[in-house]
Number of protein chains: 2
Amino acid sequence: MNLIGNLTLDQLRVLVTISDAGSFSAAGRSLGRVQSAISLAIKTLEETQGIELFDRTRQKPTLTPVGRVLVDQARVILASADRFRAIAAGTRMGLEPALTLAIDPLVPTEPLIDSLRALRDTFPDLSVSFSTEGVGGAERRLRDHSASLAFCLLLPSVPDDLMAYPLMNLDLMPVVAADHPLVRLGRQLDRADLEAHVQLVLSDAHGTEGPSYGVIGSRIWRFVDLGRRLDFLLAGFGWCKMPPFVVEPYLADGRLVKLDISDEGISPTGTLPVYAAHVRGRPLGRGGSWLLDDLRQRLMK
Amino acid sequence: MNLIGNLTLDQLRVLVTISDAGSFSAAGRSLGRVQSAISLAIKTLEETQGIELFDRTRQKPTLTPVGRVLVDQARVILASADRFRAIAAGTRMGLEPALTLAIDPLVPTEPLIDSLRALRDTFPDLSVSFSTEGVGGAERRLRDHSASLAFCLLLPSVPDDLMAYPLMNLDLMPVVAADHPLVRLGRQLDRADLEAHVQLVLSDAHGTEGPSYGVIGSRIWRFVDLGRRLDFLLAGFGWCKMPPFVVEPYLADGRLVKLDISDEGISPTGTLPVYAAHVRGRPLGRGGSWLLDDLRQRLMK
DNA sequence: TCAAATTCATCTCCAAAAGTGATAGAAGAC
DNA sequence: GTCTTCTATCACTTTTGGAGATGAATTTGA
């Protein structure tokens, strides 16, 4: 029947059970089978593999050197098989086979990690993947179905095809390097002041060149990566709005300075809502729902 | 029969074959079975796991999301199972299940790596472990059967219970830091000169306090680790004999100096044989023999 | 558009695999 | 030396799972 080498998971389970229980008979008791079934299983395994697993010179069979190695390997295989069953069992309970998350670079990670840790503890067999790309990347991943849940800003407004739950507010503060000309002006800044200088803007790598929000003037440098933009910001290349969790240390040591801008209406309001979102037509599985609930509960407090 | 969840390797092989071949029928052809057998195997798998692997709304079944994940997991399991068979097959051919090597710290690694690379290419499924400990550690590992092949010095002479093959000669040269008093003497040194200064000696961590060879005088600092001894040597703490491959760069940049010793008889001859050795009662398996042959052939040239 | 080919599900039949229970012989335990 | 425990083996029975055939549904191609 089994033309591919006649190896079965059952044989492997028998093998490791013998190794754990100490004898064929004990393994039989442990597995709820008669001893002869154990004997036969091992005999078959030995014959199909053409090797000797146990040394029978003494009454109680002892593992041969190969036997020991193969028991270890069998444990590996059985562990993988258990994972297979765990995935299947999770699905039976409504758990998605894999939870794919996407997060925009501006969204702070810190509030999420407690929830993600709890998720891991609650669904240890749920495989989670986590992607961060350029601004707008999380939303795009929702749309091309490579992510089932996104944490992102949704500007200018929440699209109709997405189900979005506001999670927290992100204060974007305009900042610039301490040695930048804008600082030397020493007064409240208006639109004209800002237009005269380079603005460091985050944009999507796969950018469909959609309209950019919060962009003032035409002297624009674009970045996909928040960290790299920070490098240029610190180097005094231009100004931009940054979330506090990124720039706090630099404000503290004086390398960055907060800009005092008169007309806040020239850009998105300083406080932006961060959403958790998924495509309406693709409801979250049990793991995603759990994560979302846990997250909102934690952020409520 | 299969009380542990009724998962079989055969079902998994069928599953991935369908995924590769594109249809049940094609999988049947590929596996040399009739299509109904494939249908039945998948049906059984789906029923025992309580999940739907294929979407049957269309004629040609397509994998469900869980199905895709489980196909990947099945590949993992089958790869482990293949490794199980490979280990068994190796043993059938006389290959040891695992080749455990031990090497003394003084023995240079460089001549071995070509052979070890060739070993890996020849026996890709042979698992090799490699241990380096203090001086004498390799020999001890042979004796307690935690290594099957050792590369080591055997002083004062080859023990009777070991089978040893000389591999190469190791020139131990007496060296000391350039700013050490022994250098300032500026003449050929005799035993009395050396006795007056600290000697940095390698010894075994699990040392049975056996006699030490090449030890002169009583001002002894002992090290298990060659690298750490080198630190103290460079710091000018004392003198010792070192293999050239270790000290060459330091001789070149002048931080170490070779000592000119008059009476070589006071210590083991400057040239020591490095042996490959195994316990007589435990012959090498095919992998170990192959490695030894290859090694000797390479060193012959 | 219609026939031919292909695909999968299902049914019956059957062979082989694998478990049960009993027995015998060997090795330890007391 | 007896008693227990262990494994191997045998006959018997159950069950699994493949072969082959059939039918329905879909795709392909002329």
Side-chain angles (χ1 to χ4, degrees), chain A residues 1-64 67 71 74 78 81 85, chain B residues 1-64 67 71 74 78 81 85:
Chain A
M1 53 164 276
N2 202 337
L3 304 171
I4 57 166
N6 268 23
L7 187 62
T8 72
L9 286 176
D10 189 59
Q11 289 169 339
L12 299 182
R13 168 126 304 178
V14 169
L15 176 60
V16 306
T17 306
I18 296 172
S19 171
D20 290 341
S23 78
F24 285 21
S25 304
R29 286 190 291 273
S30 168
L31 289 172
R33 301 185 215 178
V34 295
Q35 168 262 324
S36 63
I38 306 299
S39 266
L40 179 62
I42 290 301
K43 188 181 176 180
T44 307
L45 180 56
E46 287 183 324
E47 282 172 0
T48 56
Q49 299 302 314
I51 53 169
E52 198 178 41
L53 290 169
F54 290 92
D55 173 20
R56 266 92 159 183
T57 57
R58 37 189 67 259
Q59 177 74 346
K60 202 168 228 172
T62 56
L63 281 166
T64 59
V71 165
L78 290 175
R85 290 197 205 88
Chain B
M1 53 159 274
N2 201 334
L3 305 171
I4 57 165
N6 267 25
L7 187 62
T8 73
L9 287 176
D10 189 60
Q11 289 169 338
L12 300 182
R13 167 126 307 177
V14 169
L15 177 60
V16 305
T17 305
I18 296 172
S19 171
D20 291 340
S23 78
F24 286 21
S25 303
R29 286 191 291 274
S30 167
L31 289 172
R33 301 187 213 177
V34 295
Q35 167 261 323
S36 65
I38 307 298
S39 264
L40 180 61
I42 290 301
K43 188 181 176 181
T44 308
L45 179 56
E46 287 182 325
E47 281 173 359
T48 56
Q49 299 302 314
I51 53 168
E52 199 179 42
L53 289 169
F54 290 92
D55 173 20
R56 267 93 160 180
T57 57
R58 36 190 66 261
Q59 181 71 350
K60 200 167 228 170
T62 55
L63 280 166
T64 58
V71 165
L78 291 174
R85 288 197 206 89

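Each chain gets a letter, A, B and so on, in the order its sequence line appears, and its residues count up from 1. Since the model is a prediction, treat every value here as computed from it, not as a measurement.
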Are [X] and [Y] packed together at the side-chain level, in the sense that at least one heavy-atom pair is separated by less than 4.5 angstrom?
X	Y	result
A:L45	A:I51	no
B:T48	B:L7	no
A:F54	A:L63	yes
B:L9	A:L9	yes
A:V14	A:I38	yes

Write down the distance between [atom1] ([X]) and [atom2] ([N]), rounded to a whole number of angstrom.
X	N	atom1	atom2	result
A:F54	D:dA8	CZ	C1'	14 Å
B:L9	D:dG17	CG	C1'	16 Å
A:I42	C:dA17	CD1	P	17 Å
A:I38	C:dG19	CD1	P	8 Å
B:L31	D:dG17	CG	C1'	14 Å
A:I18	D:dT7	CD1	C1'	11 Å
A:D10	D:dT16	CG	P	13 Å
A:E52	D:dT7	CD	C1'	14 Å

- Query: Where the side chain of A:S19 meets the backbone of A:V71, is there a donor-acceptor pair that is under 3.5 Å apart?
  - Reply: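 The answer is no, because no donor-acceptor pair under 3.5 Å joins these two groups.
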- Tell me, for nucleotides 5-13 of chain C in 5' to 3' order, what letter each nucleotide earns: B for a base near a protein heavy atom under 4.0 Å, S for only sugar-phosphate near one, - for neither? --BBBB---
